[in-house]
Amino acid sequence: MKILKKINDVRSEIKMAKAEGKIIGFVPTMGYLHQGHISLIRKAKEECEYVVVSIFVNPTQFGPKEDFNRYPRNLERDIKILKDEKVNLLFAPETEEMYKEGFKSWVYVEELSEILEGKFRPGHFKGVCTVVLKLFNIVQPDKAYFGWKDAQQLIIIKKMVEDLNIPVEIIGCPTIRESDGLACSSRNVYLGEKEREKALCLYKALKKIEELIKKEKIYDCKVLIKEGEKIIKEEGVELQYLEIVKIDNLKKLEKIEKDAIILGAIKIGDVRLIDNLIISEF
Ligand code: PAF
C-alpha cells in the first residue's frame with residue numbers, strides 16, 4: 001500500500017492507475033477505523049480495481065466547542081488495518097496541505113444543511129462538503145463509498161454531486177452495528193461502561209418505532225416519536241432530536257410513507273451520538 005501525504009503525489013498515482021484503465025474506488029474517513037469503515041473498504045474492493053482511503057480529521061467540520069482536539073487518532077493502527085484489507089493507496093494529508101493559508105472557498109448545500117444535525121452543529125456540513133469536494137478533486141474517483149450511519153451527510157453529498165455535476169457515483173452502504181445493536185462509530189471509544197449501556201437507548205427507540213409501524217400499524221409520526229422519546233427519557237439521556245423524514249429530501253413526515261427514515265441524536269455527558277433506521281416498506 002502506498003502512503004502519501006501530498007496532493008501532487010496522489011494525482012500522479014491516480015493518473016497512472018487511470019492510464020491502466022483501472023476503476024478508482026474511494027473511501028473518505030477521519031481515521032480510527034472500525035467495522036463500519038472496513039465494510040465500505042470491502043465493498044469498494046469488490047467493485048473497483050484500485051481503492052483509495054483518505055484519513056484526515058477535517059478541522060472545518062468541527063464547531064469551536066466540539067471534539068476536534070480529542071477526536072481519536074491512531075495512524076499506525078489504521079495503516080495496519082488498511083494493509084490487511086489490501087487497500088492500494090492511503091492519502092493522509094496534514095491540515096496545511098488541505099487548507100493553505102488564505103483558504104477562502106466553501107461549498108454549501110442549502111436547506112438540507114440547516115436541519116437535524118445542522119441545527120445542533122452549525123457550519124458542520126459546509127466543512128464536510130468542502131473537504132469531500134476537495135478530496136474528490138484530488139482522488140478523482142469513479143465511485144465513492146459512504147455509510148448510511150451518517151444518513152444526512154450521505155444525502156447532502158448526493159445532492160452536492162448532482163447539483164455540481166461531479167463525475168462520481170456515490171454508493172451508500174448499510175450501517176454496521178456491534179452485537180447489541182449500537183452503531184459502530186469512532187466516537188464510541190469515548191463511552192465508559194455505564195455510558196455505553198445508556199447509549200443503546202437510541203437504537204432501542206428506533207427499533208420500537210419500527211415495531212409500532214410494522215406490527216401495530218401505527219403510522220402517525222407524532223404518536224411514534226412520543227413512544228421513542230419515552231424510551232430515551234426513561235434512560236435519563238439528553239435527546240437532541242428524534243424525527244421521521246422522507247429519505248430523499250429530509251422533509252418531516254406527518255404520516256409514515258414508503259422510504260421514510262427515523263433519525264435521532266443523543267448526548268451522554270459530552271459525548272454526542274447519532275443513529276437512524278430506514279423504513280423502506282411497511
Ligand atoms: O464521515 C466522515 O468520516 C467525514 O465526515 C468525512 C466524510 C470523511 C469528511 O471529513
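Position 1 is the first residue of the sequence; numbering continues from there. Order of listing sets the numbers, starting from 1, for every ligand and every atom in it.
- Heavy atoms of Leu135 found under 4.0 angstrom from ligand 1: none, in either backbone or side chain.
- Side-chain contact of Asp180 with Tyr203: a donor-acceptor pair under 3.5 Å is absent, judged by distance alone.
- Closest heavy-atom approach to atom 8 (C) of ligand 1 within the set Gly147, Pro28, Ser54: this belongs to Pro28.
- There is no side-chain donor-acceptor pair under 3.5 Å between Asn58 and Tyr71.
- Panel note: side chain Asp275, backbone Ala265; no donor-acceptor pair is recorded below 3.5 Å.
- At least one N or O atom of Gln61 sits closer than 3.5 Å to an N or O atom of ligand 1.
- Each of the following atoms of ligand 1 lies closer than 4.0 Å to a heavy atom of Val131: 9 (C), 10 (O).
- Under a 4.0 Å criterion applied to the non-hydrogen atoms of Thr29, ligand 1 contributes the atoms 8 (C).
- Cation-pi geometry between Arg73 and Phe68 is met: under 6.0 angstrom from the ring centre, within 45 degrees of the axis.
- Here's the thing with Asn58: none of its N/O atoms is less than 3.5 angstrom from an N/O atom of ligand 1.
- Ring-centre distance between Phe282 and Tyr219: below the 6.0 Å cut-off.
- Looking from atom 3 (O) of ligand 1 to the surrounding protein, the closest heavy atom is Met30 CG, 3.6 Å.
- Between the side chain of Lys134 and the backbone N or O of Met98, at least one donor-acceptor pair lies under 3.5 Å.
- When Lys149, Lys134, Gln153 are checked for heavy-atom proximity to atom 7 (C) of ligand 1, Gln153 turns out nearest.
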